[in-house]
Amino acid sequence: MLDIQKIRADFPILSQKVNGRPLVYFDNGATSQKPKVVIDAISKYYEEYNANIHRGVHTLSQLATDAYEVSRKKIQDHINAKFSHEVIFTSGTTHAINMVASGISTMIKAGDEVLVSALEHHSNIVPWQMLCERTGAFLKVIPMNEKGELVLSEYDKLLSDKTKIVAVNHISNALGTINPIQYLIEKAHQYGAAILIDGAQATPHLKPDVQALDCDFYVFSGHKICGPTGVGILYGKEEWLNKLQPFQGGGEMIATVSFEKTTYAELPHKLEAGTPNIEGGIVLGTAIDYLNEIGFENIATYEQELLDYATSKLIQIEGLKIYGTATNKTSVISFNVAKIHPYDIGTIIDKLGIAVRTGHHCAQPIMDYYSIPGTIRASFAFYNTKEEIDIFVDALIKAVSMLS
Ligand code: 7TS
């Protein structure tokens, strides 16, 4: 059992008023709020040991380097990677996917196939389209059904010896569907294809075990798991990361440089050119410690309760339709009410202190599937409460009556 009031006290922003009302923050799918330990760790870094890493012999540089590498090790343990050099710091999920889609180019030729799913965020579509444009490969799409689940029988049919890489999310940001990634990974491997899992929406809710999953790449963002913005992770199996062409060249990623030839450094440095987000990397470790103290099983159980409670209340509103009703679903509810534009509802409830996201959620193909311009999306975190859901539902009823 979680002590939610105690947890809420860890998050200074949650006691803010917005438009004169207590903040109800239901936009966790976009970014999570940050606990005081994370905010303090950022200040501590800049106040006490700010220095560039992997470079200087001086004390501060050593302290910063050690803290950065301790964090890498924490992330390795958290996702159960075999080696710490399989954990590459990036600026976020988008950067990590682009690193793979760009770095794998030399292994893709005209006529090869890249598989994504109908449930992807644009970040896991566009880099693959760009890869296909560069190489002459074809992009194929695993379709979804009305509930927002992937049609696995179609996936089976799409896979062939031409499939070189499959890129799918673990959890859909727009609908909350939890995809059967174990199955997707096993099947991809049967055809010799690599598979990248976009864990941006999964890592706030669960602890992935990359060795048990046996995925080739797993990517996520720090800012969605109580960490700072501008930092994320590319996990890759050692053999795959060794094969990837570096996305960026520059300082720190080399072994030797001359005008005739440059040789690359070993992992992880080969893929980490330039000065990284040092504070972000260090503090991502703090955020992961914080979440692990709360416990991912506790988080999942509680968020499921919030999801069930909110769903049962929302479906009582006349004309409300929920998009995404997968059997395995996380604490995201996407919906519309009658023909009212999601933006109008979002704007009115913002005046009542409630933060939700409205629009296509960077997942336009999902909106096209349902023939809608967008939805209202409420996404809950472990620090949200049933009382907040009540406030949200009351505000929604008010907004609908104003707009009908
Ligand atoms: N993949 C998924 C599944 C996502 O949900 C997001 C961000 C990204 C990739 C990109 O992550 P970034 O940190 O690199 O930007 N999703 C959302 C969202 O649902 N609302 O705002 C951002």
Side-chain angles (χ1 to χ4, degrees), residues 25-34 75 88-102 116-130 141-142 144 148-150 166-179 181 184 195-206 208 215 217-235 247 276-277 280-281 283-284 287 323-324 326 328-335 342-343 346 350 355-367 374-381:
Y25 187 77
F26 285 172
D27 195 17
N28 295 286
T31 197
S32 71
Q33 295 303 346
K34 321 300 171 201
I75 295 156
I88 308 296
F89 284 108
T90 69
S91 71
T93 302
T94 304
H95 180 201
I97 296 171
N98 276 281
M99 278 172 74
V100 178
S102 164
V116 296
S117 91
L119 285 174
E120 300 312 312
H121 185 279
H122 297 165
S123 296
N124 203 26
I125 300 174
V126 184
W128 303 110
Q129 278 174 329
M130 291 161 72
V141 184
I142 310 160
M144 60 182 263
E149 293 168 333
L150 295 180
V166 178
V168 283
N169 62 45
H170 194 165
I171 294 183
S172 151
N173 72 314
L175 305 180
T177 311
I178 304 174
N179 287 316
I181 57 166
L184 301 174
I195 182 160
L196 174 143
I197 305 295
D198 170 357
Q201 292 294 333
T203 39
H205 309 289
L206 55 85
C215 52
F217 302 101
Y218 194 101
V219 299
F220 57 100
S221 294
H223 69 93
K224 293 191 201 283
I225 55 169
C226 296
T229 50
V231 65
I233 296 297
L234 162 62
Y235 157 80
F247 181 48
N277 177 352
V283 176
L284 182 54
Y323 296 92
N328 288 319
K329 194 181 153 173
T330 193
S331 52
V332 170
I333 308 182
S334 246
F335 63 93
Y343 179 83
D350 170 59
V356 291
R357 186 168 171 190
T358 61
H360 56 59
H361 316 296
C362 301
Q364 279 183 358
I366 298 181
M367 304 303 135
T375 68
I376 300 154
R377 181 187 68 178
S379 48
F380 311 119

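Keep in mind that what you see is a predicted model, and the values were worked out from it rather than measured. Both ligands and their constituent atoms are indexed starting at 1 by order of listing. These numbers come from the heavy atoms of this one structure, side chains and all, not from hydrogens, waters or symmetry mates.
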Student: For the residue pair Met99 and Thr90, establish whether any side-chain heavy-atom pair is separated by less than 4.5 Å.
Tutor: yes
Student: With a 4.5 Å limit on heavy-atom distance, are the side chains of Val168 and Ile195 in contact?
Tutor: yes
Student: Near ligand 1, which residues have a heavy atom under 4.0 Å away from one of its atoms?
Tutor: Gly29, Ala30, Thr93, Thr94, His121, Ser123, Asn173, Asp198, Ala200, Gln201, Ser221, His223, Lys224, Arg357, Arg377
Student: Would you check if Asn169 and His121 make a side-chain contact, meaning some heavy-atom pair closer than 4.5 Å?
Tutor: no
Student: Apply ring pair (Phe, Tyr, Trp, His ring centres under 6.0 Å) to His170 and His205, showing your working.
Tutor: CA-CA 11 Å; His170 194 165; His205 309 289; over 10 Å; no
Student: For Ser91, give me all partners under side chain to side chain contact (heavy atoms under 4.5 Å, CB included), at least two apart in sequence or on another chain.
Tutor: His95
Student: Answer whether the closest heavy-atom distance between the side chains of Tyr235 and Ile75 falls below 4.5 Å.
Tutor: no
